[in-house]
Chemist: 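Have a look at this one before I ask anything.
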Amino acid sequence: QVQLVESGGGLVQAGGSLRLSCAASGSISGISTMAWYRQAPGKQRELVASITSSRITNYADSMKERFTISRDNAKNTVYLQMNSLKPEDTAVYYCRVRIGINYNYWGQGTPVTVSS
């Protein structure tokens, strides 16, 4: 089994910053793409950002200039630096790790609340 442990979420004021971390452990040989998703109440889960094993990144348009995804392969960890946070960024943020091309694993989610 694969275990993903997220940290760094919490409450922040609008305009502030948070840095999310997701550490993978277990049967994690062959990690490829790592990503962050989020889901707000009443909305579908959406991609925030992803990063490939070669560190090619992809961002949702609304987050591209404010968020930065990175990874530390030696630590099997993916990060999401979130700056200039807005109330509409409030959501549960989920870490997703792809093993090879056939398997995806999800974290439990960490809530982020941005107050105005």
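Along the sequence shown, residues carry numbers from 1.
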Chemist: On a heavy-atom basis, which atom in M34 and which in T77 lie closest, and how many Å separate them?
Modeler: CE-C, 4.0 Å

Chemist: With sequence neighbours excluded, tell me which residues meet side chain to side chain contact (heavy atoms under 4.5 Å, CB included) with K64.
Modeler: Y59

Chemist: Is it the case that one hydrophobic cluster holds both M63 and L85, taking links as side-chain heavy atoms less than 4.5 Å apart, direct or via other members?
Modeler: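 Yes.
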
Chemist: For S54, what residues pass the side chain to side chain contact (heavy atoms under 4.5 Å, CB included) criterion, not counting sequence neighbours?
Modeler: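 S54: side chain to side chain contact (heavy atoms under 4.5 Å, CB included) contacts with T52, I56.
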
Chemist: T90 and V114: which non-hydrogen atoms are nearest, and at how many Å?
Modeler: OG1-N, 2.9 Å

Chemist: Please give me the minimum heavy-atom distance between A35 and L47, naming the atom from each residue.
Modeler: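 Distance-wise, the nearest heavy atoms are CB-CD1, 4.2 Å.
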
Chemist: Between M82 and V112, is there a side-chain heavy-atom distance shorter than 4.5 Å?
Modeler: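 Yes, their side chains come closer than 4.5 Å.
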
Chemist: Does CD in Q39 sit with more than 12 non-hydrogen atoms of other residues, nucleotides or ligands closer than 6.0 Å?
Modeler: yes

Chemist: I need the minimum non-hydrogen distance between I31 and R71, along with the two atoms involved.
Modeler: CG2-NH2, 3.6 Å

Chemist: With sequence neighbours left out, which residue pairs that include part of residues 1-22 fulfil the ring-ring contact (aromatic ring centres under 6.0 Å, His included) condition?
Modeler: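 Every candidate ring-ring contact (aromatic ring centres under 6.0 Å, His included) pair involving residues 1-22 fails, so no pair, neighbours aside, qualifies.
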
Chemist: Please find the pair of heavy atoms, one from L4 and one from G107, that lie closest to each other, and give the distance.
Modeler: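 Shortest heavy-atom separation between L4 and G107 comes out as CD1-N, 3.5 Å.
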
Chemist: Quick one: side-chain hydrogen bond (donor to acceptor under 3.5 Å, both in side chains) pairs with a partner in residues 4-21, sequence neighbours left out?
Modeler: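 Sorted pair list: S17-N83.
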
Chemist: Partners of N58 by side-chain hydrogen bond (donor to acceptor under 3.5 Å, both in side chains), sequence neighbours excluded?
Modeler: none

Chemist: Write down the atom of G8, the atom of L18, and the distance for their closest heavy-atom approach.
Modeler: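 For G8 versus L18, the nearest heavy atoms are O-CD2, 3.7 Å.
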
Chemist: CG/N76 to SG/C22 distance, rounded to the nearest 0.5 angstrom?
Modeler: 10.0 Å

Chemist: Show me, pair by pair, the donor-acceptor contacts under 3.5 angstrom made by side chains of residues 91-106, not counting sequence neighbours?
Modeler:
from	atom 1	to	atom 2	distance (Å)
Y93	OH	R38	NH1	2.9
Y93	OH	D89	O	2.7
R96	NH1	Y37	OH	3.0
R98	NE	N104	OD1	3.1

Chemist: Roughly how far, to the nearest 0.5 Å, is the CG atom of L20 from the CZ atom of F67?
Modeler: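 One gets 8.5 Å once the value is rounded to the nearest 0.5 Å.
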
